[in-house]
Amino acid sequence: GNALTDVLVSIPTDAIIEKLGLPRGGMSLVDAPSQKAISKAMAGLPHTLSLGGSAGNTIRAMASLGGGVGFIGKVGGDTTGDFYIQALRNLHIEPVIFRGSESSGRCISLVSPDGERTMATHLGAALQLDHSEVRMNYMEDYDYLYVEGYLVQNHDLIRNVVILAKKMGLKVAIDLASFNVVHENLDFLHALVRDYVDIVFANQQEAEAFTGESDPRRAVEIIARDCYISVVKIGTRGAYIQRGDQRVIHVGIMAAARRVDTTGAGDFYAAGFLHGLCNGMGLRQCGTIGAILAGKVIEVVGTTFGEEVWGDIESLIDEVRGDRCLF
């Protein structure tokens with residue numbers, strides 16, 4: 001995935017956003033000079049750093065659940081890159097991290113007093129990850145390769161990685177990431193899923209872009225024709241899940257105590273689902289664990305929990321493991 005460091009900044013008013021010309025509540029891709037200007041404008045304001053990026057969120061959540069995980073990505077030769085690598089190690093995530101010539105990728109999130117997040121992302125060195133750098137031995141002792149859809153524009157990289165994974169006997173999972181990414185890479189994605197991918201995660205918009213079908217129940221069936229497991233998330237209505245030609249399963253959401261920030265909900269859903277698969281659970285259990293993690297992450301600003309919340313999550317997963325119906 002894209003090796004990004006999240007910089008979460010609490011701002012007293014929206015004046016900074018207006019001054020910088022950023023769309024409030026949106027996510028803008030910016031160049032290095034623009035991000036420097038943003039960093040200068042937020043100087044002195046309280047902020048926190050954490051691992052970011054779509055796959056970074058997923059793998060961090062899986063590590064917190066006790067999974068044996070690693071991360072392949074690229075950072076710059078700077079202190080942000082140093083932070084990223086050390087943060088992976090602190091979370092017991094095996095770092096397979098390369099250094100690029102650009103500065104490390106960062107996502108600056110400006111958090112308004114009402115909780116709205118305005119994001120400015122500079123991908124930097126994350127974009128420099130090259131297909132020739134990824135080796136087969138990096139995948140030894142793993143069962144699954146998870147790929148974030150935001151990397152799909154680099155066709156050579158994704159194709160090489162999934163081919164190596166299949167040679168090593170891994171199952172390949174991909175999150176389609178964004179409907180515009182799907183539209184722009186539709187033919188490539190169809191071939192990739194058909195030839196190499198075992199598990200597809202998509203939300204309703206992404207599934208429609210991939211299949212041309214607006215009905216998510218039909219879309220999950222269409223995707224399942226070309227892969228082992230298809231998952232289509234339908235927001236507050238839960239998710240449809242199908243394995244091969246078996247019947248479609250519907251799993252609802254876990255009601256959140258409060259909806260503060262939906263950032264990372266899809267990433268955490270994938271983490272919960274894959275955690276269930278890695279522990280031999282059934283599809284309904286996997287979907288339920290995915291819903292638990294998604295429900296918890298939208299209750300906080302950002303994607304970082306305290307130990308108490310992870311303890312609550314573990315307790316809920318134990319109930320799922322015992323086949324007790326939660327929702």
Side-chain angles (χ1 to χ4, degrees), residues 1 54-55 57-59 61-62 65 67 143-152 158 162 165 170-179 181-182 186 189-190 192-194 196-254 262 264-298 317 320 326-327:
S54 177
N57 288 335
T58 298
I59 216 69
M62 292 191 73
L65 293 173
D143 300 306
Y144 292 86
L145 171 75
Y146 177 76
V147 179
E148 68 170 81
Y150 292 112
L151 285 182
V152 166
I158 297 304
V162 298
L170 278 68
K171 292 193 180 299
V172 174
I174 188 169
D175 190 302
L176 295 185
S178 170
F179 70 90
V181 169
V182 176
L186 190 57
L189 280 170
H190 274 293
L192 190 78
V193 170
R194 182 186 65 243
Y196 302 108
V197 174
D198 301 281
I199 304 161
V200 173
F201 295 99
N203 64 24
Q204 188 169 348
Q205 283 183 307
E206 294 152 9
E208 182 175 356
F210 187 79
T211 65
E213 175 58 64
S214 60
D215 180 351
R217 188 182 178 93
R218 284 282 301 129
V220 77
E221 293 173 345
I222 294 170
I223 297 171
R225 295 171 188 169
D226 286 332
C227 65
Y228 180 59
I229 296 173
S230 170
V231 181
V232 175
K233 297 161 287 183
I234 48 177
T236 56
R237 293 179 291 143
Y240 290 118
I241 306 167
Q242 184 167 2
R243 177 190 285 129
D245 59 359
Q246 297 178 7
R247 69 181 181 86
V248 175
I249 296 171
H250 175 259
V251 177
I253 65 167
M254 187 186 83
T262 59
D267 305 331
F268 272 59
Y269 182 95
F273 194 96
L274 291 170
H275 176 78
L277 282 182
C278 288
N279 285 277
M281 298 187 202
L283 292 187
R284 186 171 295 279
Q285 290 171 305
C286 293
T288 301
I289 297 171
I292 289 169
L293 265 67
K296 287 295 185 182
V297 79
I298 67 175
I317 291 175
V320 175
L326 297 179
F327 45 88

Handout entry: Minimum heavy-atom distance Gly1-Ala55, with the two atoms named
Key = CA-CB, 3.9 Å
Practice task
For Ile292 and Phe268, run side chain to side chain contact (heavy atoms under 4.5 Å, CB included): C-alpha distance rounded to whole Å, both residues' side-chain angles, the deciding distance at 0.1 Å, then the answer.
Solution key: CA-CA 9 Å; Ile292 289 169; Phe268 272 59; over 6 Å; no
Problem - Residue pair Ala224 / Gly244: nearest heavy atoms and the distance that separates them - result: CB-O, 3.6 Å
Handout entry: Partners passing side chain to side chain donor-acceptor pair (under 3.5 Å) against Ser54 (at least two apart in sequence or in another chain)
Key = Asp267
Exercise for the section: Report yes if some heavy atom in the side chain of Ile174 is under 4.5 Å from a heavy atom in the side chain of Val162; otherwise report no. Expected result: no
Handout entry: Residue pairs, two or more places apart or on separate chains, that pass salt bridge (charged side-chain N to carboxylate O under 4.0 Å, His left out) and touch residues 231-248
Key = Asp175-Lys233
Exercise for the section: Please determine which of Asp198, Val193, Ile199 meets the side chain to side chain contact (heavy atoms under 4.5 Å, CB included) test together with Val172. Expected result: Asp198
Handout entry: 4.5 Å side-chain heavy-atom contact, Leu274 and Phe201
Key = yes
Fill in the blank from the handout: Residues pairing under ring pair (Phe, Tyr, Trp, His ring centres under 6.0 Å) where one sits in residues 275-298, two or more places apart or in two chains, turn out to be none
Exercise for the section: Provide the closest heavy-atom pair for Ala239 versus Val231 in the form atom of the first, atom of the second, distance. Expected result: CB-CG1, 4.5 Å
Problem - Close side-chain approach of Thr58 to Tyr269, heavy-atom, < 4.5 Å - result: no
Handout entry: Val181 and Leu176: CA distance, side-chain angles, deciding distance, side chain to side chain contact (heavy atoms under 4.5 Å, CB included) verdict
Key = CA-CA 8 Å; Val181 169; Leu176 295 185; over 6 Å; no
Fill in the blank from the handout: Hits for side chain to side chain donor-acceptor pair (under 3.5 Å) against Thr211, two or more places apart or cross-chain, chain-then-number order -> none
Exercise for the section: Output yes when a side-chain donor or acceptor of Glu206 lies under 3.5 Å from a complementary backbone atom of Ser178, and no otherwise. Expected result: yes
Problem - Taking every non-hydrogen atom, the tightest pair across Gly235 and Ile253 - result: O-CG2, 3.3 Å
Handout entry: Least distance between heavy atoms, Ile289 atom then Gly272 atom
Key = CG2-O, 3.4 Å
Fill in the blank from the handout: Only residue of Asn279, Leu65, Thr288 satisfying side chain to side chain contact (heavy atoms under 4.5 Å, CB included) with Ile317 is Leu65
Exercise for the section: Output the distance between atom CG (Leu283) and atom CD1 (Ile241), rounded to the nearest 0.5 Å. Expected result: 6.0 Å
Problem - Short side-chain to backbone donor-acceptor contact, Tyr146 and Ile59, under 3.5 Å - result: no
Practice task
Check whether any side-chain heavy atom of Val297 sits under 4.5 Å from a side-chain heavy atom of Asn57, and report yes or no.
Solution key: no
Problem - Euclidean distance, Leu151 CG relative to Ile158 CD1, rounded to 0.5 Å - result: 4.5 Å
Problem - Closest non-hydrogen atom pair, Cys278 against Met62 - result: SG-CE, 4.3 Å
Problem - CZ/Phe210: more than 12 non-hydrogen atoms of other groups inside 6.0 Å - result: yes
Which pairs of donor and acceptor atoms, one on a side chain in residues 215-223, lie under 3.5 Å apart (sequence neighbours left out)?
residue	atom	partner	partner atom	Å
Asp215	OD1	Arg217	N	3.0
Arg218	NH1	Glu221	OE1	3.0

Practice task
Kindly write out the residues that satisfy side chain to side chain donor-acceptor pair (under 3.5 Å) with Gln242, not counting sequence neighbours, or none if the list is empty.
Solution key: none
